[in-house]
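Take a look at the structure below.
Note that the structure is predicted; figures quoted are calculated from it, not measured. Here is the naming used below: chain letters follow the sequence lines, and residue numbers restart at 1 for every chain.
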Number of protein chains: 2
Amino acid sequence: MSEASGTPARQEQERSRVTRQRLMEAAIGALSELGWAGATMTVIAERAGVSRGACQHHFPTRADLVAAAVEYVGHQQVEAVLRKAARLPADARRTEAILHMLAGIYLSPVFTAAVQLWVAAVADPELRAQLAPLEARVGREFHRLTVRLLGVDDGVAEVRELIQGTLDLIRGLALANLLRDDSARRKKVLHRWALTLDEALGARRARKA
Amino acid sequence: MSEASGTPARQEQERSRVTRQRLMEAAIGALSELGWAGATMTVIAERAGVSRGACQHHFPTRADLVAAAVEYVGHQQVEAVLRKAARLPADARRTEAILHMLAGIYLSPVFTAAVQLWVAAVADPELRAQLAPLEARVGREFHRLTVRLLGVDDGVAEVRELIQGTLDLIRGLALANLLRDDSARRKKVLHRWALTLDEALGARRARKA
């Protein structure tokens with residue numbers, strides 16, 4: 001960004017932003033590959049090329065860092081999907097294309113990192129308390145994204161429940177992909193789900209009209 | 001079981017069966033509560049009230065024990081659902097009741113234990129190799145159970161894909177329940193999916209007829 005060449009305060013701010021970003025990206029990588037036990041502050045700082053002290057200056061605890069990382073990287077992915085949304089087909093294949101885009105988020109390391117955190121939180125009430133509001137926020141952002149892409153009115157309970165179910169399905173598919181490449185099966189399931197969802201949303205629209 | 005009062009060989013066999021069962025149940029409890037890192041052989045043997053040596057006699061490695069445990073406890077739950085199936089309503093509420101029964105399996109500690117294993121396997125190729133065929137077997141058993149309860153013909157691709165999607169949805173719902181009690185939302189999502197699934201399966205049947 002051109003601001004980096006501004007005043008010393010601006011430069012300092014920009015350096016700080018870049019360091020935070022590198023730490024968050026390193027946290028997602030370490031968590032998704034090594035799990036909660038393996039992704040220590042030392043490992044994450046090393047991967048980011050940042051000193052342990054600088055790391056702790058930005059994120060006092062590991063829970064602070066990973067929570068910020070899941071939210072930041074999750075948000076980045078939502079933004080990336082929105083940028084690609086203009087290229088979505090407008091015809092009958094649209095819903096299926098949207099489901100594949102959403103599945104793409106859940107198939108990325110940020111989902112693996114999030115699942116690593118969720119399961120670590122099962123045995124750690126403090127971590128759980130920190131993650132619960134984060135999960136709710138990220139969940140709402142994915143829900144809004146889906147509503148926007150599908151162009152539906154989620155003020156209607158039936159529609160809202162179908163959207164939620166769709167995101168639960170995609171999360172389940174992502175879990176199935178942790179151990180092996182499940183893409184062939186996933187493609188068929190998403191194709192069928194897209195047709196079923198279109199029929200259900202269409203029926204809903206028809207009843208409304 | 002009455003066989004326990006039989007010949008010494010029979011008694012020995014029965015004792016061995018009981019010990020294995022206790023170890024497998026302790027493994028599920030330890031894994032679901034403490035995760036892969038915390039559920040050591042020592043912890044599991046202690047919880048089962050079995051010596052470390054006896055534990056290793058039955059299960060040479062921890063991976064052997066947990067893989068056997070997930071399969072055994074998963075199978076027990078399928079059997080329990082089949083026993084309760086006779087009491088399922090035969091009317092329009094049947095599909096929803098089936099979805100709740102299936103969700104019950106995924107909401108139990110065996111699912112939490114399985115997710116703990118899956119995420120540990122991400123960083124452990126040896127564990128992954130051992131778990132992949134197990135996951136496939138357990139997945140097939142749940143699929144067959146669902147087909148049987150719903151009374152559908154999964155030789156038809158559309159039906160098979162809808163059943164798979166239903167199980168992926170339920171897995172996703174179970175994941176959402178790891179951090180908090182998600183039952184109110186889950187109830188609505190399953191209600192809506194039951195209606196949608198019935199319509200989709202009904203349309204399929206109508207086209208076939």
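The CG atom of B:Leu167 lies 11.5 Å from the CG atom of B:Leu162; values are rounded to the nearest 0.5 Å. Rounding to the nearest 0.5 Å gives a distance of 10.5 Å between CD of A:Gln164 and OG1 of A:Thr146. Residue B:Leu197 holds its CG atom at 6.0 Å from CD1 of B:Ile163, rounded to the nearest 0.5 Å.
Among the residues in residues 26-58 of chain B, those with a non-hydrogen atom closer than 4.5 angstrom to a non-hydrogen atom of chain A are B:Ser32, B:Glu33, B:Leu34.
The candidate with the highest count of non-hydrogen atom pairs below 4.5 Å against chain A, out of B:Ala157, B:Ala120, B:Ala176, is B:Ala176. Of the listed residues (B:Glu135, B:Lys188, B:Arg185), the greatest number of heavy-atom pairs within a distance under 4.5 Å of chain A belongs to B:Arg185.
If you measure heavy-atom distances from A:Trp193 to chain B, the contacts under 4.5 Å come from the side chain alone.
B:Glu161 and A:His191 share no donor-acceptor pair across their side chains, judged by distance under 3.5 Å alone.
Checked options A:Val115, A:Leu179, A:Val119; the residue passing with B:Trp118 is A:Leu179 (criterion: side chain to side chain contact (heavy atoms under 4.5 Å, CB included)).
Side chains of A:Arg180 and B:Arg128 form no contact here, defined as non-hydrogen atoms less than 4.5 Å apart.
The environment of CZ in A:Arg148 is sparse: at most 12 heavy-atom neighbours from other residues, nucleotides or ligands sit within 6.0 Å.
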